[in-house]
Amino acid sequence: MLDKRYDPKAVEQGKYQTWKEKGYFTAGDKSKQPFSLVIPPPNVTGKLHLGHVMDTVPDDIIVRYKKMMGYDVLWVPGMDHAGIATQAKVEEKLRKQGISRYDLGREKFLEVAWDWKKEYANTIHEQWAKIGLSVDYTRERFTLDEGLSEAVKKVFVTLYEEGLIYQGEKIINWDPELRTALSNVEVLHSDDEGEFFYFLYDIEGTSEQIVVATTRPETMFGDTAVFVNPKDPRYAKYVGHNVINPANGESIPLMADPYVDVEFGTGAMKCTPAHDPNDFLLAKKYGFPFIKVLDESARMNEKAGEYQGMDRYECRKALVARIKEQGHLQKIEKFVHSVGHSERSGAVVEPMLSKQWFVKMKPLAERVLAQQASPDKVEFLPARFEKVLLRWMNEVDDWCISRQLWWGHRIPAYHNELTGETIVSMEAPKGEGWKQDEDVLDTWFSSALWPFATLGWPHKTPDYDRYFPTSVLNTGYDIIFFWVARMVFQSEHFTDKAPFKTVVIHGLIRDEQGRKMSKSLGNGIDPIDVIDHYGVDALRYFITTNSAPGLDMRYSDEKLQAAANYLNKIWNATRYVEMTLGEDYVPTNIDRKALGALEKFILSRLQATIKKVQSKMDEYNFLAASGILYDFVYDDFCSFYLEMSKVSLAKKEDEATVKAVLYKAVREIILMIYPYCPFIAEELYLSLPGHKDSIMLESYPVYDKALHSPKAEKLGALLNAILSDVRGYKSAKGLAPNASIRLAFDKAFPFKGIEDYLGRFLFASEVKENASLRGDAFVYEDTTLTIEEDVDVETLRASLLADEKTLLFEVSRGEKMLGNPGFLAKAPKEKVDAEKEKLSANQAKLAAVRARLDELK
RNA sequence: GGAUGCUUAGCUCAGCGGGAGAGCAUCGCCCUUACAAGGCGGGGGUCGUAGGUUCGAAACCUACAGCAUCCACCA
């Protein structure tokens, strides 16, 4: 027999190992329809956090559900080498030992990085097991493994040959701490308080000065001009003169270009072609040179003269002091502006001219835009997230893909030092003088290939044929740009297909105050702690059922407790059923002819539940699906039918039928909760008679139309209303719940043996039928119930008058609605019918209430 | 400067065209042999504000306010 309490630790013990060993996670049953997904590969940078649970548990629910629905489901697991993130971590570790990556050299450094990867891969595997992910380990991949590396090379070479990858000198985002280029999405902008420096520039040939404002004085060593707007009357007369750069005394032209905003600052802007993207464009337009003043660590170079070797901020300070001394500083203002920080190192990113590899995005993005306008588009859930993709595709700049790192896919480009040639190819060219490009690729370059490269592409493998394109992808809205967008365009370009049919987008998990979980706040929550406390099933249930699709949610101990309580409820309901069935119960088919009214009721409710839950599961709406099941479990099954069954069984009539119904109901509840909470479901399932080796071999409950009958639900609803009314009556009268009470119905109650049920649940000492009524009354559609207490006529009349008033309101509402031609013409037929039925029921009730009032006269 | 989301019971959130819901908290009564991590009952809401559309609006539209997030090259 099951323990009295649900103990998550005991329940979780060993199950995952068994599932894995028995091969339940392995796909490949060719007799079934394929259904596939890929895991959002976690970075090998550390332990899993709650965000990963959110990324993977919905997938696991889908996988387990679809398996029960008869699909051959493949869920491909794997991990991401996470180039820059991992390298940053490894470098940090080395730094603590007092060494830098340059001390080690490339090869040694990579050895350390691979050791790191192995260590964290183990941790991640353990955590997947703990969370219960049913991934197919026989197909696990890593972004740096051989197959993925081949795919990466193939993509790079092909895009290069198509002219979609090129090497160019452009302004890129430079992380001076990690000393690498970054893509736009790896730069996080924040509004930081800085200073706005107003400098006086002498205008040559006049005794006038012009004021130029800047936030980055140290870049003045690279200035090639000062610009004003041609329409700016203040400066028109000076255009064409030269001005003196107060940083280095150089004479540079004062020019006019409409790019300059008259309103902003002083309306005069310095132009630094090598350190600002806009200035870069201006310089190209006017043919200025590009003067770099910073080195790769953001220290000043030789152009800065006496400041050479100084950190950019020290230089700024010193330079401003000197200019001030020389009388060329007008003022310094506090200034809040948007500053780019490296996503990984946090360093202030420096825009810098640099030679890098780029992907030409426009043709690739246009393909996606066209596809999204076609029937083969990727469907987003919720739909609004498609806009995020479209916006990115519409605005995207060329993608800087080279990184000056070591951990990653080395770029398959080879330079010949002797001839100066460059070749891009899968293999290193033969001959003398060839050297491979030192840089590696942006980590998202490989993750972009994840859905097809993990299945064997560029080879036409059986897995690729069978499982690609994948069915669904589940991920957070925060990486639509980083990942989803890139998978979509690479997939469409290389496989001619969208990588997945549907993308399910979830929100982020926040702390209890609604703040983002972050290292610096120290408010992160370790899923392992949560599991230790509440069990993994409660965590899974909590995280998938506590926010509407696509919205953020807050972590909440309270909700986890509620989830654990719910599971305890299911546990105990099962326990009751098993105690009732007895040790040697053998499941039998239900004899439908023998069904009593209560059995018909619960079976009908069960059908309604299966139908609705399934339809919400099919929409991947786990909040809605779980809510429907929850209501059935508590209200219909536990509070009502299960209690009723105690009386039914005590009467020994229809025992076999009642048992069969209890068995069916509890079994199907377990099957429906299973995708959410596989551990407790397996435990309970295995404790039921007539089980297979594992719940993983079961199929989903099947909706049975013949058992679904709203008519059959009426009696249950009536009984429920009576229980609730009489209990409420006792409470209002100050009677104890178990106070004895006499009940009478005006006619024969439409259910045999009602007195037994009312006796047990309402402590009715007597239940009369066809009685003349005295006492407080409850009027139902087809029957009236009175409570035969000492009658206080005035109280009774007051309560009946209150009923009458309510009913009058209801009836008039119904009459008004049904008397409205607009309503009759425009409202759906079912609604009109429902209103008609409601109206006639209310009219009947009203008549009954009035009859009672008449009797009192 | 653009864009999106949110605003519903004390708290956290569902609902998103046909009679205001859940969990927790609160109050009252119950150790009833599935469950006290429980049962039963109760109280608590002009659904941010103002207009509009509709037979009917918490839900749709418009404006406004507050909060949050994303994007953007204002030197």
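This is a predicted model, so every value here is computed, not measured. Each chain gets a letter, A, B and so on, in the order its sequence line appears, and its residues count up from 1.
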With a 4.0 Å cut-off on heavy atoms, is [X] in touch with a base, just the backbone sugar-phosphate, or nothing at all?
X      : answer
A:K646 : base
A:P828 : base
A:A624 : nothing
A:S639 : sugar-phosphate
A:K838 : base
A:F335 : sugar-phosphate
A:F280 : nothing
A:A573 : base
A:Y634 : sugar-phosphate
A:R5   : base
A:C271 : nothing
A:I171 : nothing
A:Y566 : nothing

Do A:E195 and A:T215 pass the side-chain contact (heavy atoms from CB on, under 4.5 Å) test, and can you show the C-alpha distance, the side-chain angles, and the key distance before you say yes or no?
CA-CA 6 Å; A:E195 287 169 315; A:T215 53; over 6 Å; no

Taking the six-membered ring of A:F358 as reference, does the NZ or CZ atom of A:K170 fall below 6.0 Å from its centre and within a 45° cone about the axis?
yes

Does A:K559 qualify as a cation-pi partner of A:F542, given the criterion of NZ or CZ under 6.0 Å from the six-membered ring centre and within 45 degrees of its axis?
no

For atom P, what is the distance between B:C61 and B:C6, given to the nearest Å?
11 Å

Whole-Å C1' distance, B:C60 and B:G15
15 Å

What is the distance, rounded to the nearest whole Å, between atom [atom1] of [X] and atom [atom2] of [N]?
X      : N     : atom1 : atom2 : value
A:D552 : B:U12 : CG    : C1'   : 14 Å
A:M579 : B:U32 : CE    : C1'   : 14 Å
A:R554 : B:A14 : CZ    : P     : 11 Å
A:I628 : B:G21 : CD1   : P     : 17 Å
A:Q513 : B:C13 : CD    : P     : 12 Å

Between A:D552 and A:Y477, is any side-chain donor less than 3.5 angstrom from a side-chain acceptor?
yes

My understanding is that a pair needs two contacts under 3.5 Å, Watson-Crick or G-U wobble. By that rule, which nucleotide pairs with B:A9?
none

Going by atom type alone, with no hydrogens or angles, which donor-acceptor pairs under 3.5 Å involve a side-chain atom of residues 814-826 of chain A and a protein atom two or more places apart or on another chain?
from	atom 1	to	atom 2	distance (Å)
A:N820	OD1	A:G822	N	2.7
A:N820	OD1	A:F823	N	3.3

Establish, with yes or no, whether the OP1 or OP2 oxygen of [N] is under 4.0 angstrom from a side-chain nitrogen or oxygen of [X].
X      : N     : result
A:K387 : B:G2  : no
A:K4   : B:C35 : yes
A:H337 : B:C74 : no

Hey, is the side chain of A:K569 pairing donor to acceptor with the base of B:C35 inside 3.5 Å?
yes

Run the side chain to side chain donor-acceptor pair (under 3.5 Å) test against A:D756 and tell me which residues pass, sequence neighbours left out.
A:K651

Proximal nucleotide (of B:G39, B:G18, B:C35) relative to the A:E643 side chain
B:C35

